[in-house]
Protein chains: 2
Amino acid sequence: MEEQSRYDAKLIRILRAAAAVFAERGYHRASIRDISAATGVSLSGLYYYVDSKEELLYLIQRQCFETILENLHSDLRDVTDPERRLSLLISNHLGFFASNMSEMKVLSHEADVLSGDYARKITDQKREYSAIVSDLLDALAPQAHSVDLRRATFSLFGMMNWIYTWYRPDRDGPVNVLATEMTHLFLRGFGSGLQDGGIEGGGGYNATSMWRAV
Amino acid sequence: MEEQSRYDAKLIRILRAAAAVFAERGYHRASIRDISAATGVSLSGLYYYVDSKEELLYLIQRQCFETILENLHSDLRDVTDPERRLSLLISNHLGFFASNMSEMKVLSHEADVLSGDYARKITDQKREYSAIVSDLLDALAPQAHSVDLRRATFSLFGMMNWIYTWYRPDRDGPVNVLATEMTHLFLRGFGSGLQDGGIEGGGGYNATSMWRAV
DNA sequence: ACCGGATTCGAACGAGCGTCCGAACGGCAA
DNA sequence: TTGCCGTTCGGACGCTCGTTCGAATCCGGT
């Protein structure tokens, strides 16, 4: 963590600022000049750290998925109960998103902008993540599914990823409450009541990893 | 329907083509020249029908919400059972999306592009739609909610709207199956089995409105 | 045939875009 | 001090963008 060079530290600063600009203006509308202004680095100076605007987006997305997947593996290690594992996954996902709201929006909203090798590598990370979710859901309901696994996976991702359009911490409260409710909603549905000391067992399942991605 | 003038018909053709271009390239990346090429109308000729690129997006979105809300009201008329009403709403939403995939993507993905009066009017339509969903969910679980109403509403929208990122009719089957499963998922959760002749009562709740929006 | 409004279009304008180049700067090793 | 290399930047290039303007064309009513 403290082993990074001057160069790395500045690149990270640039990525963070770029994510904020991309989140606010959208990738295509945001200009390299905007990022230059946000970082204080001159227009051409940015190209010393990054080959192109597209690579900027790629590095942001790669860093995010790396962090999410690392934290997820660390959270799930030693946990076998399928429901607890799902609860942890949702906490991990939403926790990362809430702590990196700009990056979250870039991840969710600029998903099909990359092309070529950049796109291929990000797609691989997404596939790895999706497979984990699918396997986890599969383990959760070993009997014949009432809902197709693929559709259930994407429905869950929809619930979780869509929050970039509406979640605001000051209005919508802490993210662990959101994670608890979303876990309940996905597992038991809106129709059922939340039993006392229910699935969350007092909130002890919350993921504890560090969240800052970039 | 057949009362539209030459002018109106051509405008509608333009809106349809523009939606397809916006869906494929994204609003900001897509150029008026792309739309000109897709319609066969010359670059400057488009401005006889539309004041600006932004109005183009506005007209597409307005037409979509008008259609969705009209169809929804017509579907819900005469239906009082809350679960049936929710099932119809999901069928309506997904049915419209599947029949207007370009418009769906534009609706979901270019949500915060509009500004000024355009944005205000679309926001009003969205609020109307959200309020209907919230009221419907409220009626569904009159006892104390296990999940916050606002969060449940947006979770449902997330499940439904996210399909623009993954749904392909040839691979994922007809949309009424998807609607049935999503209704079940939202009401009962992933953990519960789909009881025989269950919530869907044999698929008889599918919405029947016409889907073409523009 | 002819008029007048509705419709269409080629050509251009100014602005902003991503990227590149060559010069300048900084601090450390010799 | 000198030389070197990692770093920074002003300025420019070529391109695409949304929009405009004035002229040309079409077409139904007289």
Side-chain angles (χ1 to χ4, degrees), chain A residues 3-61 106 110 112-119, chain B residues 2-61 106 109-110 112-119:
Chain A
E3 274 298 339
Q4 60 199 2
S5 65
R6 225 176 169 62
Y7 176 93
D8 289 334
K10 186 157 183 181
L11 174 56
I12 286 173
R13 269 185 38 229
I14 291 174
L15 291 184
R16 259 218 273 268
V21 173
F22 286 161
E24 191 185 319
R25 312 245 304 144
Y27 175 78
H28 286 108
R29 218 218 291 238
S31 73
I32 298 281
R33 284 163 180 82
D34 292 333
I35 294 162
S36 164
T39 53
V41 180
S42 76
L43 184 56
S44 46
L46 289 172
Y47 283 88
Y48 181 71
Y49 290 89
V50 151
D51 283 341
S52 66
K53 187 184 178 188
E54 194 180 6
E55 192 187 56
L56 213 40
L57 180 62
Y58 165 70
L59 290 175
I60 292 168
Q61 298 201 349
V106 171
E110 317 292 353
D112 57 357
V113 170
L114 296 176
S115 63
D117 272 340
Y118 291 147
Chain B
E2 56 274 35
E3 276 297 337
Q4 62 198 3
S5 65
R6 229 180 163 60
Y7 175 92
D8 290 333
K10 187 159 183 181
L11 174 57
I12 286 172
R13 268 185 38 229
I14 291 175
L15 291 184
R16 260 218 272 266
V21 172
F22 286 160
E24 192 186 319
R25 311 247 301 145
Y27 174 79
H28 286 109
R29 218 216 295 235
S31 73
I32 298 279
R33 285 164 179 82
D34 292 333
I35 294 164
S36 163
T39 52
V41 180
S42 76
L43 183 58
S44 46
L46 289 172
Y47 283 86
Y48 182 70
Y49 289 90
V50 153
D51 282 341
S52 67
K53 188 185 178 188
E54 194 179 6
E55 191 186 57
L56 213 40
L57 180 61
Y58 165 70
L59 290 175
I60 292 168
Q61 298 201 350
V106 172
H109 198 259
E110 317 291 354
D112 57 357
V113 171
L114 296 176
S115 63
D117 273 340
Y118 292 147

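Every chain is numbered from 1, with letters handed out A, B, ... down the list of sequences. Being a predicted model, the structure only gives us computed values, none of them experimental.
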Starting at atom [atom1] of [X], determine the distance to atom [atom2] of [N], rounded to an integer number of angstrom.
X	N	atom1	atom2	result
A:K53	D:dC15	NZ	P	19 Å
B:L11	C:dT7	CG	C1'	14 Å
A:L46	C:dC20	CG	P	13 Å
B:Y48	C:dA6	OH	P	6 Å
B:Y7	D:dG28	OH	P	19 Å
B:Y47	D:dC17	OH	P	12 Å

Hey, is the main chain of B:I12 close enough, under 3.5 Å, to the side chain of B:Y49 for a donor-acceptor pair? no
If we ignore hydrogens and angles and just use 3.5 Å, is the side chain of A:E110 paired with the main-chain N or O of A:Q61 as donor and acceptor? no
So, for [X] and [Y], which heavy atoms are closest and what is the spacing to 0.1 Å?
X	Y	answer
A:K53	A:F22	CE-CE2, 4.1 Å
A:K10	A:V41	CE-CG2, 3.6 Å
B:A23	B:V106	N-CG2, 3.8 Å
A:R25	A:D34	NE-OD2, 3.4 Å
B:V50	B:E55	CA-OE1, 3.5 Å

Using a strict heavy-atom distance below 4.0 Å, which residues from residues 21-37 of chain A are in contact with DNA chain C? A:A30, A:S31, A:I32, A:R33
Tell me whether the side-chain N/O atoms of [X] come closer than 4.0 Å to OP1 or OP2 in [N].
X	N	answer
B:K10	C:dT8	yes
B:Y49	C:dT8	yes
B:S42	C:dC9	yes

Winner on side-chain proximity to B:V41, out of C:dG18, D:dC9, C:dC9, is C:dC9
Among the nucleotides D:dT7, C:dT7, C:dT19, which one has an atom lying closest to any side-chain atom of A:L43? C:dT19
